[in-house]
Amino acid sequence: MRPTFSILCFTVLSGIGYGAWFLQGLAWAIGPICEAHSAASGVPWELCPVAFWTKAGSMLALLFVSTGLLCSLGHLGKPSRAWRALSQWRSSWLSREGVFALLTFVPFVLIAAQEVALWIAVVRAGPDGTVALSGWVSQGGLPRRLLGFCLAAGSLATVFCTANIYASLKPIRAWNDRHVVPAYLSIGLYGGCLLLAAMTVDRSMEFRDHRILLTGTIVLAVACAWLKHRYWRSIDAQSSTTTGHAIGLESLGTVRPLEAPHTEENYLTHEMGFVLARKHSTKLRRIALAAAFLIPALLAVLTFVLPRVYPLTVWLALASGIVGLFVERWLFFAEAKHAVMAFYGR
Amino acid sequence: MTTLPPPSPRKLGLVIDLDTCVGCHACAVACKEWNDGGQFGPLPDRDAYGAEPDGVWFNRVHSYAVEPGSDHAEGASNRCAGPDPESPAPKPGLTVHFPRSCLHCEAPGCVTVCPTGASYKRAEDGIVLVDEDKCIGCQLCAWACPYGAREISVRKGTMQKCTLCVDRIYNETLDEEDRQPACVKACPTRARHFGDLGDAESAVSRLVAERDGYALMPEFGYRPVNRYLPPRPRRDAANAPPAPPREETLDREKLPGVLRWLDRVLSR
């Protein structure tokens with residue numbers, strides 16, 4: 001399959017963005033972690049540094065999600081009609097993906113509104129004033145925890161639907177593989193972890209959230225690399241459809257194309273007859289594994305060992321991770337073979 | 001609506017005879033010609049008269065060589081190694097011309113993946129169509145089809161496919177005998193047949209039963225309606241039983257007198 005740049009951007013960037021939103025939403029939903037930290041350090045929850053990375057991280061995630069979704073419009077022949085794609089959620093994974101992608105913006109926008117209300121209250125109170133918070137804007141309150149849960153659930157559902165767009169296509173065996181959905185989910189989570197870790201402004205390494213993110217990066221890098229390895233082994237073992245089988249005459253003997261139906265390329269051969277990636281797959285897989293998982297994991301370890309090199313390490317880890325995930329996703333598309341190519345003997 | 005309608009008893013489709021198809025591409029050209037001006041047209045091409053023309057065709061005719069597999073297993077490995085003067089490469093057992101178009105599946109994957117409802121299967125006769133005014137050109141349907149039935153129009157930005165000439169088969173301004181898909185009307189060898197494959201008594205259904213018509217790649221579970229008729233077995237001189245020598249018979253009574261006498265004399 002031809003790896004279109006718009007779809008690469010869409011799946012990689014929105015995957016990372018929704019992964020970060022999932023982690024962020026989870027952190028808000030299970031607020032006690034943050035509350036315990038706040039109580040232990042004696043800093044009021046609203047003013048403790050954790051609140052900064054959450055804002056910066058989720059805003060960068062917003063940028064990733066929006067860029068990804070806008071890129072996906074670039075793949076459409078008629079982008080102005082994109083709204084129609086929200087209608088067929090009963091049968092179509094693409095439609096479900098669109099619905100969840102947009103629904104997930106609702107809790108995010110409401111949380112942003114809470115933050116703005118909070119900021120206004122803090123500014124009004126002045127540097128020495130005490131902030132009187134009503135229940136619905138407080139960061140540890142029930143509304144925030146519910147919104148956090150909705151953000152996490154929506155993000156998870158969106159990436160699950162994205163993965164199923166591809167996993168549900170039977171003619172493309174490499175996508176109709178059982179590793180595809182778990183790989184999409186864990187890679188989204190991993191990318192989100194990288195993004196949040198990179199946005200944590202904290203040189204002292206004291207904060208529990210930060211250590212959680214770095215540990216998460218290492219654990220998820222190993223898990224994703226293992227999943228991708230299993231996936232590649234699985235698709236390498238797949239047999240491709242033969243021409244004889246495609247035209248249903250394999251019982252008569254060996255079938256080979258004699259004359260092509262058209263002299264030039266057509267839509268099918270252009271879109272589905274992409275060979276380059278399979279030729280270089282071994283090298284590209286190594287590059288993907290190293291850039292996407294190995295280097296960021298090593299950098300996360302380095303951050304633990306040498307906290308002084310922070311934040312350069314986590315920024316490098318995010319950069320390397322994004323490049324590596326683009327290679328990984330490029331391979332996911334480019335390596336996959338479509339059954340229709342059997343008619344062309346390719 | 002891209003959820004599928006309840007199965008209809010009427011299943012309009014094509015039956016394509018691979019035995020008689022000569023690969024002349026008349027069906028493909030007639031299809032392009034009709035649909036370019038028909039209800040679902042135009043089918044604009046890019047660079048139509050240039051070096052690399054590119055456009056939508058609903059029908060593509062492949063040609064294949066079938067080499068008898070089991071008999072020439074050794075020959076096959078020789079071919080892979082390169083030409084060997086000692087064992088001449090076995091001649092193609094069969095040339096098969098194979099027109100490929102939409103099979104109007106009973107459970108079409110291309111319809112259910114459509115996010116907009118542009119792709120649909122008609123409840124009344126099972127024809128799979130694209131509503132060009134709703135299509136957003138996401139191409140997911142083309143990915144979902146293992147038969148390559150759908151091609152995107154680069155010029156229009158929407159997906160196009162075989163309509164089974166729905167604008168001909170119900171068209172009352174045409175003569176009754178012309179209410180058939182353009183490809184069927186154009187075929188010079190009558191290799192294409194159109195009819196209701198849901199009716200076991202229809203001419204096409206009987207043809208399928210008679211000639212062991214088959215569906216393409218049934219393992220995908222899309223249940224194609226169209227059927228292909230396999231090539232009839234070829235006569236093979238080596239395997240044919242030797243013809244018995246013909247006995248000549250002579251009815252003496254019917255001969256004229258002189259010849260009857262000659263026969264009697266020579267028979268002594």
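In what follows, chains are A, B, ... by sequence order, proteins preceding strands, each numbered from 1.
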Is a side-chain donor or acceptor of A:R81 paired with a backbone partner of A:G77 at a separation under 3.5 angstrom?
no
Which atom names give the shortest non-hydrogen contact between B:L4 and B:A107, and what distance separates them?
CD1-CA, 3.8 Å
For B:H62 and B:Y64, does a side-chain donor sit closer than 3.5 Å to a side-chain acceptor?
yes
Donor-acceptor pair between B:E132 and B:T158 side chains, under 3.5 angstrom:
no
What about A:F100 and A:W89, are their ring centers closer than 6.0 Å?
no
Which of the residues B:A149, B:S153, B:C135 is involved in the greatest number of heavy-atom pairs with chain A at under 4.5 angstrom?
B:C135
Expected output: side-chain B:N226 to main-chain B:H104 donor-acceptor under 3.5 Å:
no
Salt bridge check, B:K32 against B:D45: does any charged N sit closer than 4.0 Å to a carboxylate O?
yes
Is the A:H75 ring parallel, tilted or perpendicular to the B:W143 ring (thresholds 30°, 60°)?
tilted
A:D236/A:R285 ion pair, N-O < 4.0 Å:
yes
From the list B:P115, B:G137, B:G157, the residue making the most non-hydrogen contacts under 4.5 Å with chain A is B:P115
Using a heavy-atom cutoff of under 4.5 Å, enumerate the residues of residues 237-249 of chain A that contact chain B, numbered in order, or state 'none'.
A:T241, A:T243, A:H245, A:A246, A:I247, A:G248, A:L249
Hey, can you tell me if B:Y214 and B:Y228 have their rings parallel, tilted or perpendicular (30° and 60° cut-offs)?
tilted
Options A:R96, A:E97, A:M272, ranked by heavy-atom pairs under 4.5 Å with chain B, top entry:
A:M272
Turns out that what part of B:R100 lies under 4.5 Å from chain A's heavy atoms comes down to side chain
Select, from B:G109, B:P230, B:G55, B:A144, the one with the greatest count of heavy-atom pairs under 4.5 Å involving chain A.
B:A144
Just give me the residue among B:P99, B:G23, B:C114 that pairs up with chain A most often, heavy atom to heavy atom, under 4.5 Å.
B:C114
Name the option with the most non-hydrogen atom pairs under 4.5 Å to chain A; the candidates are B:L140, B:D133, B:L18, B:D54.
B:D133
Against chain A, label B:H97 side chain, backbone, both or neither, depending on which of its atoms sit under 4.5 Å from a heavy atom there.
neither
Return the option, out of A:E265, A:H262, A:H270, with the maximum number of heavy-atom pairs under 4.5 Å with chain B.
A:H262
Report yes if some heavy atom in the side chain of B:S101 is under 4.5 Å from a heavy atom in the side chain of B:Y147; otherwise report no.
no
Identify the residue among B:K161, B:Q160, B:R60 that makes a side-chain hydrogen bond (donor to acceptor under 3.5 Å, both in side chains) with B:E151.
B:R60
Apply the test side-chain contact (heavy atoms from CB on, under 4.5 Å) to residues A:T4 and A:F10: give CA-CA distance (whole Å), side-chain angles for both, the deciding distance (0.1 Å), then the verdict.
CA-CA 10 Å; A:T4 319; A:F10 159 59; over 6 Å; no
Engaged part of B:A51 at the chain A interface, taking heavy atoms whose separation is under 4.5 Å
backbone
Is B:C138 in contact with chain A via its backbone, its side chain, both, or neither, using a 4.5 Å heavy-atom distance?
both
With a 4.5 angstrom heavy-atom cut-off, is it the side chain or the backbone of A:L73 that approaches chain B, or both, or neither?
neither
Does either side chain, that of B:E106 or that of B:Y222, offer a donor lying less than 3.5 Å from an acceptor on the other one?
no
Does any backbone or side-chain atom of A:W83 lie under 4.5 Å from a heavy atom of chain B? Answer side chain, backbone, both or neither.
neither
Return yes when atom CD of B:E219 has more than 12 non-hydrogen atoms of other residues, nucleotides or ligands closer than 6.0 Å, and no otherwise.
yes
Contact listing (chain B partner; residues 337-346 of chain A; heavy atom under 4.5 Å)
A:H338, A:A339, A:V340, A:F343, A:Y344
NZ or CZ of A:R178 within 45° of A:Y231 ring axis and under 6.0 Å
no
Within a reach of under 6.0 Å around CZ of A:R2, are more than 12 heavy atoms found that belong to other residues, nucleotides or ligands?
yes
Toward chain A, the part of B:V154 with a non-hydrogen atom under 4.5 Å
neither
Choice from A:L86, A:L169, A:I172 maximising heavy atom contacts with chain B below 4.5 Å
A:L169
Measuring heavy-atom distances to chain A, does B:V113 have an atom under 4.5 Å in its side chain, in its backbone, in both, or in neither?
both
